[in-house]
Protein chains: 2
Amino acid sequence: MAEKDLKERIKEVAVEHFNRNGYHGTTIRNIANDVGCSLPMIYYYYKNKKELFDEIIKKEFFSIIKKQASLLKTSSIIDFYTRFIHDLNALNGYDKQVYRLGIKVYLSFDGDDELMNLMDEWEKTILPRHYRILQPHLKNTDNDTAVVRTLVHLLETLIENIVVKNRYLPEEEIREEIAIVLRGVDGSIPDPQLH
Amino acid sequence: MAEKDLKERIKEVAVEHFNRNGYHGTTIRNIANDVGCSLPMIYYYYKNKKELFDEIIKKEFFSIIKKQASLLKTSSIIDFYTRFIHDLNALNGYDKQVYRLGIKVYLSFDGDDELMNLMDEWEKTILPRHYRILQPHLKNTDNDTAVVRTLVHLLETLIENIVVKNRYLPEEEIREEIAIVLRGVDGSIPDPQLH
DNA sequence: ATAGAATACTAACGAACGTTAAATATAAAG
DNA sequence: CTTTATATTTAACGTTCGTTAGTATTCTAT
């Protein structure tokens, strides 16, 4: 056995390669090279290339977004969402790359139909979940659903900036944008820093 | 010469393949097969695989987004942005796929460093351009730049939904979301279709 | 009609791919 | 000190890749 767990190290290097070169651009030989082991060792731990890719998405990616979804709620709803996004900045390199790879599959830029369907099912749960979070604060006007939809859309871009483009987003900028969308929503301090 | 222009047909098929399988997953043989020509014909018109990919991004993609950026302005600023996004729905299949491929490169999911740098430069022009468009309507409050930034972020997600995920976004939904972000901005007819 | 250019194809090259068989080293158990 | 199971390697397999040399066909203009 090597210094650390070889199976884990393979997966870590694989994530980098799948991210940088895509599924087809990634070769088992390159992974083995970067890990520092021989080529067949990868087949010793994983049945084939696809199983290695699938394990990253099915196990690692979904465990990250579930962990993120079960975060503590803070006082104000804007604080909650600001933190929800800002915490992504602090994700370690491996988790961030897994997240990035998941988004790649989510946008059907990689992976296969099976993984895409998994993503579609997960996507259907997004809007209802945030609607449930926001419902106590909504004012029952006729554009409530539009506000939730806009917020989710904004969150998507913010996540992409941090995770995909690997940028650091300052907490203040995140808060500003969320506050703009949630302006007028209860608990967000009505018309926040304007008056 | 074939029925249509063979060089163009190759490019059209190539866009589909690059989109579906990524750069490395796309093979010259598969393209030639789908075009219905022999393999070396692709090398007759394009120096190699990379030049084919580059031409799609450098010529086709940027011509699409420049055409889109030079669209007519309509009366209200919300109408303008609503139309800006909604028109993407009507993009023909080829243009939409080129756009999609461009976003893939923009998110550094495909392409190489050279194309990425091209995208970075283009990205730097986005915020100033929209700030210039919105400036006459902004109220000079201290969160003007945040509003512009939020709008651009929202636009990105909307574009992705239409172009990448290939969904149809109804004009009404687009307008609602843009109006939420631009609420309070001059020329947006304050609290638009709500009262 | 025919020469020359443009367009197209057949066949093959070397390299790299995913994957596996077989052999070897290492560690644990008796 | 064997025996056995686990961990790791060398070497090779068949396939497919990007690319090109060489040759045939079709078009164009004289």
- Whole angstrom is fine here: how far is it from NZ in B:K7 over to P in C:dA8? 13 Å

- Task: Would you indicate which nucleotide in D:dT8, C:dC9, C:dT20 comes nearest to any side-chain atom of A:L39?
- Result: C:dT20

- Query: Hey, mind stepping through A:I178 and B:T150 against side-chain contact (heavy atoms from CB on, under 4.5 Å) and telling me if it holds?
  - Reply: CA-CA 8 Å; A:I178 291 172; B:T150 307; over 6 Å; no

- Message: What's the angle between the local helix axes at either end of the helix from C:dA1-D:dT30 to C:dG30-D:dC1, using five pairs per end and rounding to 10 degrees?
- Response: 0°

- Among the candidates D:dT19, C:dT19, D:dT10, find the nucleotide nearest to the side-chain atoms of A:S38. D:dT10

- Message: Side-chain N or O of B:Y44 versus OP1/OP2 of C:dT7: is the shortest distance under 4.0 Å?
- Response: yes

- Going through the distances and angles, do A:F53 and A:L115 end up as a side-chain contact (heavy atoms from CB on, under 4.5 Å)? CA-CA 10 Å; A:F53 189 87; A:L115 293 179; 3.5 Å; yes

- Item | Integer-rounded Å distance: C:dT20 P and A:R29 CZ | 13 Å

- What is the distance from CE of B:M41 to P of D:dG18, rounded to the nearest Å? 18 Å

- Is there a donor-acceptor pair under 3.5 Å between the side chain of A:D87 and the backbone N or O of A:F84? no

- Query: Would you call the rings of A:F18 and A:Y23 parallel, tilted or perpendicular if under 30° counts as parallel and over 60° as perpendicular?
  - Reply: parallel

- Whole-Å distance, A:I42 CD1 to D:dT10 C1', equals 16 Å

- For the pair B:S108 and A:R100, evaluate side-chain hydrogen bond (donor to acceptor under 3.5 Å, both in side chains) and give the outcome as yes or no after the intermediate values. CA-CA 11 Å; B:S108 65; A:R100 197 188 117 105; 3.2 Å; yes

- Message: Less than 4.0 angstrom between a side-chain N/O of B:Y43 and OP1 or OP2 of D:dT20, yes or no?
- Response: no

- Task: Any chance you could lay out the ring pair (Phe, Tyr, Trp, His ring centres under 6.0 Å) test for A:H130 and A:Y81, step after step, and finish with the verdict?
- Result: CA-CA 10 Å; A:H130 288 279; A:Y81 276 111; 5.4 Å; yes

- Query: Rounded to whole angstrom units, what separation is found between the CG atom of A:L6 and the P atom of C:dT26?
  - Reply: 16 Å

- Query: What is the distance from CG of B:N33 to P of C:dC9, rounded to the nearest Å?
  - Reply: 12 Å

- Query: Could you state the CG-P distance from B:N48 to D:dT19, rounded to the nearest angstrom?
  - Reply: 5 Å

- Item | Stepwise side-chain hydrogen bond (donor to acceptor under 3.5 Å, both in side chains) test for B:Y99 and B:E60 | CA-CA 8 Å; B:Y99 206 142; B:E60 307 292 318; over 6 Å; no

- Item | Closest to side chain of B:Y45, choosing from D:dT9, C:dC9, C:dT7 | C:dT7

- Message: Quick check for you: among C:dT20, D:dT20, C:dC17, whose closest atom lies nearest to any side-chain atom of A:N30?
- Response: C:dC17

- Message: Tell me which one of B:N30, B:D34, B:T27 satisfies side chain to side chain donor-acceptor pair (under 3.5 Å) with B:H17.
- Response: B:D34

- Side-chain donor-acceptor pair under 3.5 Å between A:K165 and B:Y106, yes or no? yes

- Between residues 13-28 of chain A and DNA chain C, which residues have a heavy-atom gap below 4.0 Å? A:T26, A:T27, A:I28

